[in-house]
Amino acid sequence: MQLSKSEEELMNILWKQKKAFMKDLLDAYPEPKPATTTVATLLKRMTDKKFIDYKSFGRSREYFPLVKKKDYFSKHVNGLIKNFFNDSASQFASFFTQETNLSKAELEELKRLIDVEIEKK
């Protein structure tokens, strides 16, 4: 399952806060803040999709993520590689390094990370 852009925005808030009540979520949004009903709808959809759950405290609910941020984005990056780069990580890496305008320092850091992964294999 996938999250919409507005659901991802809310999910990012929950990943940062780890758990939050509606007021906490609304406070975390930049201005102009969405309506409470909009956030409630997003929370309901995300609960139905099994991305989040909640604990009830009287009439209040404390929401928390069920999916880890790393797992969510890892799945999407792998899907992107499969669907747009013929399942070729090297094609993706080539595109990424050429099209993202990385500095020499950033490219060197990427190289270092790759070298570390090569050592592990």
Side-chain angles (χ1 to χ4, degrees):
M1 284 240 189
Q2 208 167 336
L3 295 171
S4 68
K5 185 151 178 67
S6 53
E7 290 168 343
E8 272 186 12
E9 183 179 9
L10 180 54
M11 195 71 197
N12 270 313
I13 293 170
L14 263 177
W15 280 321
K16 284 180 191 163
Q17 295 189 358
K18 297 191 177 37
K19 55 186 178 178
F21 291 96
M22 174 69 80
K23 181 189 179 315
D24 303 321
L25 296 171
L26 287 168
D27 288 346
Y29 273 95
E31 293 293 339
K33 295 185 185 299
T36 303
T37 53
T38 301
V39 175
T41 300
L42 293 172
L43 290 167
K44 169 85 171 91
R45 285 193 301 203
M46 293 162 63
T47 301
D48 291 346
K49 291 179 180 181
K50 307 267 189 261
F51 278 92
I52 65 169
D53 204 357
Y54 59 86
K55 291 181 191 169
S56 294
F57 294 92
R59 294 183 62 201
S60 296
R61 292 177 175 177
E62 184 179 46
Y63 295 91
F64 55 90
L66 293 174
V67 175
K68 293 178 181 161
K69 186 174 187 175
K70 180 182 177 188
D71 294 341
Y72 179 74
F73 286 104
S74 175
K75 182 177 179 187
H76 287 285
V77 168
N78 286 323
L80 181 75
I81 292 169
K82 181 178 181 183
N83 295 324
F84 293 99
F85 297 96
N86 301 319
D87 215 6
S88 169
S90 59
Q91 281 183 19
F92 170 74
S94 174
F95 176 84
F96 177 76
T97 56
Q98 292 172 10
E99 299 297 323
T100 55
N101 216 10
L102 296 172
S103 69
K104 183 176 180 182
E106 290 169 320
L107 286 168
E108 287 172 351
E109 177 60 14
L110 272 177
K111 183 179 181 299
R112 188 192 67 73
L113 292 169
I114 291 168
D115 288 343
V116 167
E117 288 302 311
I118 290 170
E119 290 292 318
K120 291 180 184 178
K121 304 266 182 206

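- Considering only residues two or more places apart in sequence or on other chains, Ser74 meets the side-chain contact (heavy atoms from CB on, under 4.5 Å) condition with Asn78.
- Every residue two or more places apart in sequence or in another chain was checked for a ring pair (Phe, Tyr, Trp, His ring centres under 6.0 Å) with Phe64, and none qualifies.
- Applying the ring pair (Phe, Tyr, Trp, His ring centres under 6.0 Å) rule to Tyr72 yields the partners Trp15, Phe51, His76; only residues at least two apart in sequence or on another chain are considered.
- Applying the side-chain contact (heavy atoms from CB on, under 4.5 Å) test to Asp115 and every residue at least two apart in sequence or in another chain returns Lys111, Ile118.
- Residues that satisfy the side-chain hydrogen bond (donor to acceptor under 3.5 Å, both in side chains) test with Lys120, not counting sequence neighbours, are Glu117.
- Val77 and Phe84 fall within the same hydrophobic cluster, defined by Ile, Leu, Val, Met, Phe, Trp and Tyr side-chain heavy atoms under 4.5 Å apart, directly or through other members.
- The salt bridge (Lys or Arg N to Asp or Glu O under 4.0 Å) analysis of residues 21-32, with sequence neighbours excluded, yields the pairs Lys23-Asp27.
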Q: Apply the test salt bridge (Lys or Arg N to Asp or Glu O under 4.0 Å) to residues Lys5 and Glu8: give CA-CA distance (whole Å), side-chain angles for both, the deciding distance (0.1 Å), then the verdict.
A: CA-CA 5 Å; Lys5 185 151 178 67; Glu8 272 186 12; over 6 Å; no

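- Considering only residues two or more places apart in sequence or on other chains, Ala93 meets the side-chain contact (heavy atoms from CB on, under 4.5 Å) condition with none of them.
- For CG of Asn101, the number of neighbouring non-hydrogen atoms (other residues, nucleotides, ligands) closer than 6.0 Å is 12 at most.
- Once rounded to the nearest 0.5 Å, the distance linking CG of Leu25 with CD1 of Ile13 reads 6.5 Å.
- Screening residues 49-78 for salt bridge (Lys or Arg N to Asp or Glu O under 4.0 Å) gives Glu7-Lys49 as the qualifying pairs, with residues at least two apart or on separate chains.
- Separation of atoms CG (Leu14) and OH (Tyr54) is listed at 14.0 Å; rounding is to 0.5 Å.
- Residues Arg45 and Leu42 meet the side-chain proximity criterion, which asks for heavy atoms closer than 4.5 Å.
- Put simply, OG on Ser4 and CE on Met11 are 12.0 Å apart, with the number rounded to the nearest 0.5 Å.
- By the 6.0 Å contact criterion, NZ on Lys33 is enclosed, its count of non-hydrogen atoms from other residues, nucleotides or ligands being greater than 12.
- Using a 30° and 60° split on the angle between ring planes, Phe92 and Phe85 fall in the perpendicular class, above 60°.
- The side-chain hydrogen bond (donor to acceptor under 3.5 Å, both in side chains) test applied to Asp48 returns Lys44, not counting sequence neighbours.
- Applying the side-chain hydrogen bond (donor to acceptor under 3.5 Å, both in side chains) test to Ser56 and every residue at least two apart in sequence or in another chain returns nothing.
- With sequence neighbours excluded, the residues forming a side-chain contact (heavy atoms from CB on, under 4.5 Å) with Val39 are Leu10, Met22, Leu26, Tyr29, Pro34, Leu43, listed by chain and number.
- Every residue meeting the side-chain hydrogen bond (donor to acceptor under 3.5 Å, both in side chains) condition with Ser88, not counting sequence neighbours, appears here in chain and number order: Ser90.
- Grouping the Ile, Leu, Val, Met, Phe, Trp and Tyr side chains by contacts below 4.5 angstrom, directly or via other members, places Phe73 with Val67.
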